[in-house]
Peer 1: 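Just dropping this structure here.
Computed from heavy atoms alone, side chains included, the values below leave out hydrogens, waters and symmetry copies. Residue numbers start from 1 in every chain, and the chains themselves are labelled A, B, ... in the order their sequence lines are given, proteins ahead of strands.
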Amino acid sequence: MGEVELSCLAYVKMYLHGCLFPRCSVNGLLLSSSPAGGAVCVTDCVPLLHSHLPLAPITQLGLTQVDVWCAQTQQRIVGYYQANACVSDNSPTPCALKIADKIAEQCNNAVLLMIDGGKMSPDYRVPPIVMYERKDTRWTLKDKHTIMLRQWEETREIANQLLDSGDHSLLVDFDSHLDDITRDWTNQKLNAKIAELASPANVCTWMSRVEK
Amino acid sequence: TSVQTDWRVNVLIIVLTEMRDKLRKWREDNHRNSEQIVDVGEELINEHASKLGDDIWIIYEQVMIAALDCSRDDLAWTCLQELKRQFPGSQRVKRLAGMRLEALEKYEDASKQYDSILQDDPTNTAARKRKISILKAQGKSAEAIRELNEYLEQFVGDQEAWHELSELYINEHDYGKAAFCLEELMMTNPHNHLYCEQYAEVKYTQGGLENLELSRKYFAQALKLNNRNMRALFGLYMSASHIAASPKVNATVKKANVKYATWATNQINRAYQVSYARCLL
């Protein structure tokens, strides 16, 4: 199957979602603003739940709302991510497979991404993620060489900075939105912070720090 | 001058009282805001231990547990040593030592620790529940469920245990049994809107017309108990809509459910309008 590219924005938010709820399983949707066909470019993500992942109502509600938002913003749902509470086991749960199946119905090269909790340390040399793609009717492990995360070190630095500054608490998932509907599950504020940190000026500062 | 010193001492007392009250409130509400507890508690312990009187011991316990939650073994160890010194041979302190072993993933040693507590005191519920937590941490869901069921046969009034069991069943997709646990909780806590709403979610997930109707009823009940429960509101909308759309219902039922769904939609829209207005302020 094809290549998958994961943007800095999508990775950082997924990672922070896991960090924000370290004792829970968390999940979310992967989005793309690129047109269908060719490589899958995951340009953004929407964190969904941190409780009762297998239960249907809120998952359905989240999927519907994200669908509507995507239509309004020229994005598509291209995948699903999950991080299990039990870090020793990062295999997709039945509910992960179910949701991924549903997404695959609408999107040919949908991806299922599991975050490997056991590998989430600040200086980990490779992204702590495992990706699956659909071959026939089964989800199979994707060849690592077809997964691209441009500027991994900068991305990792951004995630670490946001954790250190406590800004990861800015992240709003759909669950949190339902607890307080004034909170924005599209995370515009956090997106802006990430964009600022990813700007060329900031990147130069780190590279020089890294080189020292 | 003595006036200046008095003023400074007064400020210190106010600050200490505030910190102590915060910790007490978090204890009473059983908040798991471990990072905050470590922040406030560490300072209190390090700088002002002598001024806390007998409160210090419960604070050591609270801070130790929070420290374990934040991987601060250094702080947890300090607290544990103080507690061991003050309460030698205490079962309660033994349990804390066990929790530290759990945090270090030394599950065998932790289990032995709890077993030794249970040898002296077979009714020690805390030790039994910690053993079940170990099973959960190791991903041994089936065993954890079995042990928890056995525990609940003896300690049938333990709400926390019933809720934990419902969560374990949900994760195993055993919705029937999860519903049973939530029914127990609703019986003993009839005013708790969260249990109603969770029960409704489980019923909805089970699917089928009968379960959908039950789910709608319990979403409605949750709303009666708390009319700001957004999950219940959305749940009411979704369950009523599905029932109305079902080919198996007669015209009367269909009409009623369309009414419920419409009502829910209006409430949802209103809630969002209010929230937007609040954002603009």
Peer 1: Is A178(B) close to chain A through its backbone or its side chain, or both, or neither, when contacts mean heavy atoms under 4.5 Å?
Peer 2: neither
Peer 1: Which one, P54(A), A56(A), C86(A), leads in non-hydrogen pairs under 4.5 Å with chain B?
Peer 2: P54(A)
Peer 1: Which atom names give the shortest non-hydrogen contact between M238(B) and P57(A), and what distance separates them?
Peer 2: CE-O, 3.2 Å
Peer 1: Given a strict heavy-atom distance threshold of 4.5 Å, which part of R32(B) is in contact with chain A: side chain, backbone, both, or neither?
Peer 2: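 Looking at R32(B), backbone and side chain both touch chain A.
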Peer 1: Working to the nearest 0.5 angstrom, can you tell me the gap between E172(B) CD and T93(A) OG1?
Peer 2: 10.5 Å
Peer 1: Tell me whether Q106(A) at atom CD has more than 12 heavy atoms from other residues, nucleotides or ligands lying less than 6.0 Å away.
Peer 2: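 Atom CD in Q106(A) is not packed in, count stays at 12 or less.
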Peer 1: Mind checking the CD-OG spacing from E167(B) to S51(A)? Nearest 0.5 Å is all I need.
Peer 2: 7.5 Å
Peer 1: H173(B) vs K98(A), test: side-chain contact (heavy atoms from CB on, under 4.5 Å). Steps then yes/no.
Peer 2: CA-CA 12 Å; H173(B) 302 263; K98(A) 215 166 164 196; over 6 Å; no
Peer 1: Roughly how far, to the nearest 0.5 Å, is CG of L55(A) from NZ of K203(B)?
Peer 2: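 With rounding to 0.5 Å, NZ (K203(B)) is 12.0 Å from CG (L55(A)).
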Peer 1: How far apart are the C-alpha atoms of S34(B) and R23(A), what are their side-chain angles, what is the distance that settles it, and do they pass the side-chain contact (heavy atoms from CB on, under 4.5 Å) test?
Peer 2: CA-CA 12 Å; S34(B) 301; R23(A) 302 147 199 141; 3.9 Å; yes
Peer 1: Hey, is OH on Y169(B) packed in by over 12 heavy atoms from elsewhere, all under 6.0 Å?
Peer 2: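 Counting other residues, nucleotides and ligands, OH of Y169(B) exceeds 12 neighbours.
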Peer 1: Using non-hydrogen atoms and a 4.5 Å limit, figure out which bit of D175(A) sits close to chain B: side chain, backbone, both or neither.
Peer 2: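 Both backbone and side chain of D175(A) come within 4.5 Å of chain B.
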Peer 1: Can you confirm whether Q188(A) is buried at CD, in the sense that more than 12 heavy atoms of other residues, nucleotides or ligands lie under 6.0 Å from that atom?
Peer 2: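 Yes - once you tally the heavy atoms of other residues, nucleotides and ligands closer than 6.0 Å, there are more than 12.
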Peer 1: Only pairs at least two apart or in different chains count here, so list each salt bridge (Lys or Arg N to Asp or Glu O under 4.0 Å) that has a residue in residues 8-18 of chain A.
Peer 2: K13(A)-D44(A)
Peer 1: If I take atom OG from residue S169(A) and atom CD from residue E35(B), how far apart are they, to the nearest 0.5 angstrom?
Peer 2: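 Answer for the OG-CD pair, S169(A) versus E35(B), is 9.5 Å.
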Peer 1: Taking atom CZ of F180(B) as the centre, does the number of heavy atoms from other residues, nucleotides or ligands within less than 6.0 Å exceed 12?
Peer 2: no
Peer 1: Which bit of Q206(B) is near chain A, if near means a heavy-atom gap under 4.5 Å: side chain, backbone, both or neither?
Peer 2: neither
Peer 1: Is there a side-chain contact (heavy atoms from CB on, under 4.5 Å) between R231(B) and L61(A)? Walk through the geometry before answering.
Peer 2: CA-CA 10 Å; R231(B) 286 182 184 80; L61(A) 182 63; over 6 Å; no
Peer 1: Counting heavy atoms not belonging to Y218(B), are there more than 12 under 6.0 Å from its OH?
Peer 2: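 No - once you tally the heavy atoms of other residues, nucleotides and ligands closer than 6.0 Å, there are 12 at most.
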Peer 1: Look at atom NZ of K136(B) and say whether more than 12 heavy atoms of other residues, nucleotides or ligands are closer to it than 6.0 Å.
Peer 2: no
Peer 1: Any chance CZ of R27(B) has more than 12 other-residue heavy atoms, nucleotides or ligands included, within less than 6.0 Å?
Peer 2: yes
Peer 1: Can you name the closest pair of heavy atoms from M230(B) and L178(A) and give their distance?
Peer 2: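 Heavy atoms of M230(B) and L178(A) come nearest at CB-O, 3.6 Å.
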Peer 1: Under a 4.5 Å heavy-atom cutoff, which of S215(B), A271(B), S275(B) has the most pairs with chain A?
Peer 2: S275(B)
Peer 1: Under 6.0 Å between ring centres: does that hold for Y175(B) and H52(A)?
Peer 2: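 Distance test on ring centres: not under 6.0 Å, no.
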Peer 1: Contact part of N229(B) toward chain A, heavy-atom cut-off under 4.5 Å: side chain, backbone, both or neither?
Peer 2: neither
